[in-house]
Amino acid sequence: MSALAPIRFLATDLDIMETATGRVAIIVSPDGKFDVAGRRANRLTRGAVARLVESDSFAKIGAGKTVTLAWPAGMAAEALDILVLPRQVSALEARKAGAMLGKLKGSKPLAIMAGSHRKAAEIALGAQLRAYAFTEHKTGADTDAEMSGVDVYLGKPEEAEAEFGPLSAIAEGAFFTRDLTNEPANVLTTTEFANRLDEMREIGLEVEVLDEDELAELGMRTLLSVGHGSDSPSKVVVMQWKGGTEGEAPLALVGKGVVFDTGGISLKPAAGMEDMTMDMGGAGVVAGTMKALALRKAKANVVGLVGLVENMPSARATRPGDVVKSMKGDTVEIINTDAEGRLVLCDLLWYAQERFEPAGIVDLATLTGAIIVGLGNENAGVFSNDDAFCNKFLKAAASEGEGAWRMPLGKAYDDLLKSNIADMKNVGGRAGGSITAAQFLQRFIKDDVPWIHLDIAGVASVKADTSFAPKGATGWGVAALNRLVSDVYEAE
Ligand code: BES
Ligand code: MN
Ligand code: ZN
């Protein structure tokens with residue numbers, strides 16, 4: 001597993017600025033003011049910091065950016081990173097600034113001279129999130145080394161350390177999500193996925209793994225129909241965190257966990273098919289969020305449910321045109337076996353409501369290519385039957401810097417799912433493909449249950465670096481859902 005860079009909060013020690021051999025970072029404000037650490041760096045470098053802030057180009061650097069002096073004369077450090085950041089800064093801006101430092105890595109611990117900056121814990125979290133590297137399958141010199149650690153020097157280390165506790169749970173959760181999402185499908189089989197979730201018993205989650213016989217007994221025929229062509233057995237994993245009032249209805253998080261999506265008999269084209277190792281991204285975010293909640297001992301009841309299947313073609317695979325009866329009892333004509341995510345989710349959503357009577361449901365799925373056409377890689381598509389619930393999520397996502405954009409639902413879209421021979425078909429045509437997919441899911445949501453569907457196909461794994469992650473799996477959603485829980489379910 002990818003290890004988090006260890007973070008230490010230490011009492012200010014200006015002498016290490018001369019002796020530290022890794023990177024050393026100082027903070028200067030956009031108006032050119034710097035603290036005692038800045039003054040020490042300025043003295044050691046014979047005025048380089050002052051020359052920077054007095055230069056014409058300083059104004060163009062902008063808050064949140066860094067200027068690096070490599071192998072600065074007068075210091076033993078491999079680099080002096082000068083971070084431009086105001087004292088009055090939002091948590092998110094501080095986290096992003098920290099991520100700029102995390103990106104630079106370095107073979108030795110990074111020393112951040114945070115002085116009396118109030119957002120030191122957020123700076124540390126940003127550095128930790130951005131320093132992620134998935135090196136599991138690299139054996140040689142090509143390994144993009146993980147950052148060895150971050151030492152944050154400041155006036156009140158105990159305060160920052162206390163603040164960092166619940167924040168580090170977010171990083172742990174996001175790293176878990178990213179590892180799962182980056183893992184290839186020959187490693188992360190349905191069984192391996194279930195085993196990794198089962199290990200979360202150690203941090204206090206109740207974990208159940210339901211096998212194919214149990215799923216058949218429950219009537220989850222649409223979910224099972226997706227895995228028919230695979231040698232990997234389909235599984236549902238239920239993770240319960242009971243940190244709230246006993247008996248209080250939980251929030252349910254439901255994730256699509258297609259460990260590989262070939263499209264099935266409706267086979268996908270070869271180009272880019274390798275990306276479908278990330279088609280379990282929704283389940284990955286559910287897992288990472290449950291991990292974060294357990295690690296920070298959230299005072300809320302939350303249940304995570306993931307459907308783990310592999311969509312493969314074979315003589316036993318579901319055919320286009322097959323009709324399957326869902327757990328709810330509605331029948332589905334499977335026009336396209338590549339629209340499999342909704343078949344997994346519909347049974348899982350129904351099961352979640354029947355068993356847990358949740359106070360709200362959020363489902364996450366890499367559901368449609370169409371959402372990437374619409375929103376690119378910047379925003380997840382948000383669909384909901386409840387404005388108040390939806391707005392709470394959008395607010396949580398915005399404050400964590402995770403892009404989310406609401407999309408419409410409506411009867412005219414739902415009508416596109418009519419089938420000649422069954423209660424519905426599993427695709428609604430090219431037009432509004434993400435919306436008809438969401439309409440399909442809504443058919444399995446009871447009227448009075450607040451529900452949000454997040455189509456994360458564009459944000460779960462990306463081909464360019466983002467603010468908080470190198471290219472590959474992002475862990476999008478762990479921070480937003482963690483905040484939704486603290487804002488809504490942990491409020492007195
Ligand atoms: N897993 C895919 C969606 C996807 C595409 C995720 C690209 C990530 C990146 C999903 O199962 C799928 O194949 N959807 C089809 C639906 C269509 C057949 C109605 C799609 O988007 O083409
Ligand atoms: Mn598919
Ligand atoms: Zn899929």
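Just so it is clear, the structure is predicted and the values come from calculations on it, not from any experiment. Both ligands and their constituent atoms are indexed starting at 1 by order of listing.
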Tell me, please: is Ile372 in heavy-atom contact with ligand 1, that is, under 4.0 Å? yes
In this structure, the Zn ion (ligand 3) sits at the vertex of an angle between NZ of Lys256 and OE2 of Glu340 that rounds to 10° as 90°
Looking only at protein heavy atoms, what sits closest to atom 19 (C) of ligand 1 is Val427 CG1, 3.5 Å
Honestly, for Val258 the part within reach of ligand 1 (heavy atoms, under 4.0 Å) is neither
Salt bridge present between Lys328 and Glu354 (N-O < 4.0 angstrom): no
Do any heavy atoms of Asn311 fall under 4.0 Å from ligand 1?
-> no
(request) Inspect the surroundings of CD in Glu378 and state if more than 12 heavy atoms from other residues, nucleotides or ligands are less than 6.0 Å away. (result) no
Residue Arg201 excluded, over 12 heavy atoms near CZ under 6.0 Å: yes
### Message
For Trp350, does the six-membered ring have the charged nitrogen or CZ of Lys446 within the cation-pi criterion, i.e. under 6.0 angstrom from the centroid and within 45° of the normal?
### Response
yes
| query | Would you say Thr337's side chain and Arg319's backbone share a donor-acceptor pair under 3.5 angstrom? | reply | no
d(Leu308 CG, Leu188 CG) to nearest 0.5 Å is 8.0 Å
Looking only at non-hydrogen atoms, the one of Ser266, Ala339, Gly282 nearest atom 17 (C) of ligand 1 is Ala339
So is Met280 close enough to ligand 1, meaning a heavy atom under 4.0 angstrom away?
-> no
Self-check item: Exceeds 12 heavy-atom contacts within 6.0 angstrom, atom CD of Glu357
Solution: no
**OP:** Could you tell me whether ligand 1 has any atom less than 4.0 Å away from a heavy atom of Arg430?
**Re:** no
query = More than 12 non-hydrogen atoms from neighbouring residues, nucleotides or ligands closer than 6.0 Å to NZ on Lys268, yes or no?
reply = yes
Nearest non-hydrogen protein atom to atom 16 (C) of ligand 1, with distance, is Arg342 NH2, 4.0 Å
- Kindly confirm or rule out an N or O of Lys268 lying under 3.5 angstrom from an N or O of ligand 1. yes
Notebook entry, point to check: With a cut-off of 2.8 Å, does Asp261 place any N/O/S atom under that distance from the Zn ion (ligand 3)?
Noted result: yes
inquiry  = Any protein heavy atom at under 4.0 Å, with atom 11 (O) of ligand 1 as the reference point?
reply    = yes
Check your understanding: Is any N, O or S atom of Gly341 under 2.8 Å away from the Zn ion (ligand 3)?
Key -> no
To the Mn ion (ligand 2), the closest N, O or S atom belonging to Asp261 is OD2
For the Mn ion (ligand 2), the nearest N/O/S atom on Glu340 is atom OE1
When distances are taken from atom 2 (C) of ligand 1, the protein heavy atom at minimum range is Asp261 OD2, 3.6 Å
Checking distances from the Zn ion (ligand 3), one finds that the N, O or S atom of Asp279 closest to it is OD2
Atom 20 (C) of ligand 1: closest protein heavy atom, distance to 0.1 Å, is Gly369 N, 3.9 Å
